[in-house]
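Inspection log for the structure reproduced underneath, given as structure tokens.
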There are 2 protein chains.
Amino acid sequence: MRENLARLPDRESASHRDDKIELKVWLRLLTCTSLIEAEVRSRLRSSFDTTLPRFDLLAQLDRAGDGLTMGELGSRLMVTGGNITGLVDALAAEGLVERAPHARDRRSRVIRLTAKGRRAFAKMAPVHERWIDAMMAGMGRAEMTELLRLLGRLKDSVRQTGGAR
Amino acid sequence: MRENLARLPDRESASHRDDKIELKVWLRLLTCTSLIEAEVRSRLRSSFDTTLPRFDLLAQLDRAGDGLTMGELGSRLMVTGGNITGLVDALAAEGLVERAPHARDRRSRVIRLTAKGRRAFAKMAPVHERWIDAMMAGMGRAEMTELLRLLGRLKDSVRQTGGAR
DNA sequence: GCAAGTTAGTTTAGATATAAATTATCGAGG
DNA sequence: CCTCGATAATTTATATCTAAACTAACTTGC
């Protein structure tokens with residue numbers, strides 16, 4: 001039986017009343033992400049027998065149009081290069097992506113979806129989008145718009161101050 | 001040299017103008033979490049030579065007071081039991097936590113911080129909190145309060161509709 | 001041209017994660 | 001009592017991920 005993560009105590013459970021709001025925001029952000037991620041991961045497995053990182057990688061390639069280098073994939077998925085190498089190896093073995101030489105830089109390689117990869121993603125994408133929609137069905141449109149805006153502010157703040165050394 | 005993740009194109013880069021707002025919220029949520037996580041992970045390594053999951057586990061134990069079972073740790077950190085077993089093994093080997101028998105259920109084991117574990121966490125916690133504060137320094141207090149509220153709404157929505165099968 | 005530093009990708013070693021199978025114990029109903 | 005389904009933790013197999021070392025190719029400044 002699969003545990004139902006959705007209803008059990010989470011990171012915030014022991015949150016102290018006097019915790020700083022910054023910490024609370026961070027813990028709740030992490031809780032939301034983990035909840036959605038776990039749900040998507042489990043559904044990708046049961047519906048399409050694939051994994052979240054593989055789906056994410058295919059999604060980036062699909063959006064990019066004519067391929068991305070390994071480095072671009074790494075920056076978009078925010079993971080290390082070694083990780084991308086492994087994921088692309090696996091997806092190439094499944095015949096969903098292919099490595100092509102880069103036109104002007106022989107160090108680089110352009111990763112592209114194969115026809116099979118494009119078909120596979122096209123089948124999954126709308127279903128995946130419905131899962132996300134359903135999980136956010138409890139929020140109003142105005143709330144989502146405002147949440148998107150505030151997350152944008154947070155992203156800017158982190159990039160401004162977090163990355164500075 | 002460590003890549004500076006903070007300024008490169010992320011998941012949203014290829015976001016279509018007509019993407020549904022639900023998908024945009026999810027991608028931006030993931031971007032924020034990944035950014036903060038990468039920063040905290042890197043700093044935990046360079047400042048304290050430890051990792052994020054270990055720090056998280058210590059934090060939960062510290063907040064809990066008199067110990068948590070393996071299952072409770074799993075639900076709070078939202079990871080599977082097998083993962084917790086490995087983390088507790090590692091932390092126990094470092095002498096930061098210990099397994100004690102459960103008073104009324106011989107299947108369970110209560111995990112507690114050792115004195116050394118408590119000291120280690122006490123040293124890291126305030127520094128960790130300053131990192132989080134700094135990353136959110138670009139936001140106003142009212143914005144954070146509203147963000148916290150909206151994330152709460154999202155959490156409720158996911159728990160309501162996501163977990164339902 | 002060409003040495004020196006940089007960048008793209010891979011490899012390696014080890015840590016973290018899942019899912020599924022297993023073991024031990026619990027708890028309820030007969 | 002005692003069997004049977006449920007639960008707690010671990011084990012196993014495999015996938016994902018990081019950090020750091022490495023290789024090959026690029027670029028810059030002279």
Side-chain angles (χ1 to χ4, degrees), chain A residues 1-5 8 30 33-34 37-46 49-57 67-94 97 99-111, chain B residues 1-5 8 33-34 37-46 49-58 67-94 97 99-111:
Chain A
M1 224 282 287
R2 203 178 74 87
E3 265 183 74
N4 191 343
L5 227 61
L8 296 167
L30 204 44
T33 300
S34 301
E37 235 180 44
E39 190 63 29
V40 171
R41 188 185 302 280
S42 144
R43 289 184 186 237
L44 279 175
R45 172 167 302 277
S46 60
D49 192 30
T50 190
T51 65
L52 186 49
R54 291 176 196 206
F55 176 84
D56 273 350
L57 199 152
L68 293 170
T69 64
M70 302 294 284
E72 287 168 336
L73 278 169
S75 96
R76 279 168 176 72
L77 297 179
M78 297 201 253
V79 295
T80 56
N83 191 355
I84 297 292
T85 296
L87 286 172
V88 169
D89 283 351
L91 288 167
E94 295 175 36
V97 307
R99 288 176 162 100
H102 189 282
R104 289 190 310 280
D105 188 339
R106 277 180 304 165
R107 294 170 304 177
S108 275
R109 316 176 70 171
V110 179
I111 315 304
Chain B
M1 225 283 288
R2 203 178 73 87
E3 265 182 76
N4 192 344
L5 228 61
L8 296 167
T33 300
S34 301
E37 235 179 44
E39 191 62 30
V40 171
R41 187 186 303 280
S42 144
R43 290 186 185 236
L44 278 175
R45 173 167 304 276
S46 61
D49 191 32
T50 190
T51 65
L52 186 49
R54 292 177 196 206
F55 176 83
D56 275 349
L57 199 152
L58 294 181
L68 292 170
T69 65
M70 301 294 284
E72 288 168 336
L73 279 168
S75 96
R76 279 169 175 72
L77 298 179
M78 298 202 251
V79 295
T80 56
N83 190 355
I84 297 292
T85 296
L87 287 171
V88 169
D89 284 351
L91 288 167
E94 294 176 36
V97 307
R99 288 174 161 101
H102 189 282
R104 288 190 310 279
D105 187 340
R106 276 182 304 168
R107 294 170 302 178
S108 276
R109 317 176 68 171
V110 179
I111 315 304

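These values consider heavy atoms only, across backbone and side chains, with no hydrogens, waters or symmetry-generated copies. Note on naming: letters A, B, ... go to the chains in the order of the sequence lines (proteins, then strands), and numbering restarts at 1 for each one.
The nearest pair of heavy atoms linking T69(A) to S108(A) is CG2-OG, 4.2 Å. Considering every non-hydrogen atom in both L52(A) and L44(A), the closest pair reads CA-CD1, 3.6 Å.
To the nearest angstrom, P of dT16(D) lies 12 Å from CG of L44(A). Distance CG (L87(B)) to C1' (dT16(D)): 15 Å, rounded to an integer number of Å. As a whole-Å value, the separation of R41(A) CZ from dT16(C) P is 16 Å. For the pair I84(B) CD1 and dA19(C) P, the computed distance is 14 Å after rounding to whole Å. Rounding to whole angstrom units, CG of residue D56(B) and C1' of dA17(C) are separated by 14 Å. In this structure, L57(A) places its CG atom 10 Å from P of dT16(D), rounding to the nearest Å. Across the protein-nucleic acid pair, H102(A) atom NE2 and dA25(D) atom C1' stand 13 Å apart, rounded to whole Å. The interatomic distance linking E94(A) (CD) with dT14(D) (C1') rounds to 14 Å, in whole Å.
Residue-level contact check: G86(B) touches neither bases nor backbone, having no heavy atom under 4.0 Å from any strand. Using a 4.0 Å heavy-atom cutoff across all strands shown, L52(B) reaches no nucleic acid atom at all.
For R107(B) against dT7(D), a side-chain-to-base donor-acceptor contact under 3.5 Å is present.
E37(B) has its side chain out of reach of M78(A): every pair of non-hydrogen atoms, C-beta onward, lies at least 4.5 Å apart. Looking only at side-chain heavy atoms (C-beta outward), D89(B) and R99(B) come within less than 4.5 Å of each other. Inter-residue side-chain proximity for R45(A) and T51(A) is flagged as met; some heavy-atom pair is nearer than 4.5 Å.
Where D105(B) and R99(A) each meet DNA chain C at their nearest nucleotide, the meeting point lying more 5' is that of R99(A). Both R45(A) and E72(A) lie close to DNA chain C; mapped to their nearest nucleotides by heavy-atom distance, the more 5′-ward contact belongs to E72(A). Nearer the 5' end of DNA chain D, as judged by each residue's closest nucleotide, is the contact made by R109(B), out of R109(B) and A90(A).
When the side-chain nitrogen and oxygen atoms of R106(B) are compared with OP1 and OP2 of dC26(C), one or more of them lie within a distance under 4.0 Å. Contact annotation: T51(B) does not reach the phosphate of dT18(D) (side-chain N/O to OP1 or OP2, under 4.0 Å). Within the 4.0 Å cut-off from OP1 or OP2 of dT16(C), at least one side-chain nitrogen or oxygen of R54(B) is found. For dT11(C), neither phosphate oxygen OP1 nor OP2 lies less than 4.0 angstrom from any side-chain nitrogen or oxygen of T85(A). Note on N83(B): every side-chain N or O is 4.0 Å or more away from OP1 and OP2 of dT16(C).
Taking the side chain of T80(A) as heavy atoms from C-beta on, and the options dA19(D), dT16(D), dT10(C), the nearest nucleotide is dA19(D). For S108(B), the side-chain atoms get nearest to dA8(D) when compared with the rest of dA8(D), dA19(D), dT16(D).
A salt bridge does not link E72(B) with R76(B): none of the charged nitrogens is closer than 4.0 Å to a carboxylate oxygen.
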